[in-house]
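Below: the structure, in structure tokens.
Keep in mind that this is a model prediction, so the values were computed, not measured. In each ligand, atom 1 is the first atom listed, and ligand 1 is the first ligand listed.
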Amino acid sequence: MPTQTTFPWQQIATQGVGAVLDTLSTEESMRLADEYGTHNYKPLPVNVVRGEGARVWDSEGVEYIDCIGAYSAVAHGHLSPAVVRALQEQLTRVTLVSRAFFSPELGLFLHALAEYTGLDMSCPMNSGAEANETCIKLARKWAYTVKGVPKDKAEIIVTTDNFHGRTTTIVGFSSETKYKEMFGPFGPGFVEVPYGDLAALEAAITPNTCAFLAEPLQAEGGIIIPPDGYLAGVRQLCDKHNMLLIWDEVQTGFGRTGRKFGWQWEDAEPDLMAVGKPLGGGVLPVSAAVGKRHVMEILEPGDHGSTFGGNPLAAAVGIAALAEMEVHDYAGRSERLGRRLAEGFRALNSPLVKEVRDRGLLVGVEVHSHVDSAALTKALLDERIVTKETRKRTFRFTPPIVTDEATIDEIIARVGRALAAVAAHA
Ligand SMILES: *Cc1c(COP(=O)(O)O)cnc(C)c1O
């Protein structure tokens, strides 16, 4: 029996979703999100209706350069033709079978991940948080079955200002009050040390330590690049103390820092690595825990799982996304474009800017403490640049890696005008 409602069920069922989307104004889109959605985000006042490459458009037809790129998940650009082709082709085959079956897509995806990462095996998941949870479970089982840590005593060392996702286990070892304050109680098993400090890491190691988990560059934490030698030093400490090295490459991975993976800036190959974001080609959530065989093969049937993890549609998209990143050398492109962007920002010589930090096309512009960052966000929007602050008053620039030199120069010019506008009113 049809229910009494003003919701356009009938129109959607007969004419499709798009017919109704086209009737929604900007105000209505915002009102619906506000009324029917939780308020756990504070979005920019831009209602995106279309995207292509590094550009997005709102319903009034205003064009913006997307400098967030979905927190670096849109490395391939919006509607990457290669990714969209894989998606469409897969829609003629099969999309979801669960891990109760084999599929050629899953097999090829796992092989592609091993080839691209240089690691041996993967456990496919969906979100970055799940990939990290998978690494944590693997490290703990390794602790009990291989290292001989007494049951339930395994410790994982993490870093101050870490960001690994939003599950209750993960926020439990965040140092950001906002992420965790109201969400306890949290379980034990995580020890925090300052990021970039090898001596503090070594001092925190006990016989029960099974792993060190960190980002090779703290992205959410404010584009914090560790001191030279830190990545390799961490690897050496993990070897010395028989513990696993886990890099969270969810944001830094797949070329973003100018290397295939952020750890490749030094001799710091991990035992386990969490990947996600751009692995989905900008269209689907696709993530994985990737690692060395001796750790990965610890998992047995029933230990872990995900209904959607590794589904044929996600796997096909992941394969196409990986092929694009490999064949078109996203790492090299990111290094080249990132250097151009960071040098351009520095050459602006803005009195508002305290520091520009960059590794590849992961660029942070930190403004001085007296700068009104809300005014700067607004001035950037007026220049049709969308970006947001990370912690530590740092504006993040992570546009799609497929962008080009002309767009990079355009970003520099627009940011220069926005900084000048804010400086003029200060
Ligand atoms: C975004 C991010 C995550 C979480 O990924 P989700 O897909 O949002 O769960 C984890 N680690 C890092 C470093 C990230 O940037």
Does CZ belonging to R31 count more than 12 external heavy atoms closer than 6.0 Å?
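Yes, because the 6.0 Å sphere around CZ of R31 holds more than 12 heavy atoms from other groups.
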
Would you indicate whether F308, at its atom CZ, is surrounded by more than 12 heavy atoms from other residues, nucleotides or ligands within a distance under 6.0 Å?
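At most 12 heavy atoms, drawn from other residues, nucleotides or ligands, come within 6.0 Å of this atom.
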
Examine distances only and state if a side-chain atom of R50 and a backbone atom of W57 form a donor-acceptor pair shorter than 3.5 Å.
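No, the answer is negative, given that no donor and acceptor are paired below the 3.5 Å cut-off.
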
Taking side-chain contact (heavy atoms from CB on, under 4.5 Å) as the test, write out the residues that go with P150, two or more places apart.
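With sequence neighbours excluded, P150 shows a side-chain contact (heavy atoms from CB on, under 4.5 Å) to K153, N208, given in chain and number order.
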
Contact residues of ligand 1 (heavy atom under 4.0 Å), by chain and number:
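Close residues (ligand 1, cut-off 4.0 Å): S127, G128, A129, N132, F163, H164, G165, E215, D248, V250, Q251, K277.
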
Is the F254 ring parallel, tilted or perpendicular to the Y116 ring (thresholds 30°, 60°)?
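Tilted: the ring planes of F254 and Y116 meet at 30° to 60°.
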
Output field: ring centroids F186/F173 closer than 6.0 Å:
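Centroid distance F186-F173: not below 6.0 Å, so no.
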
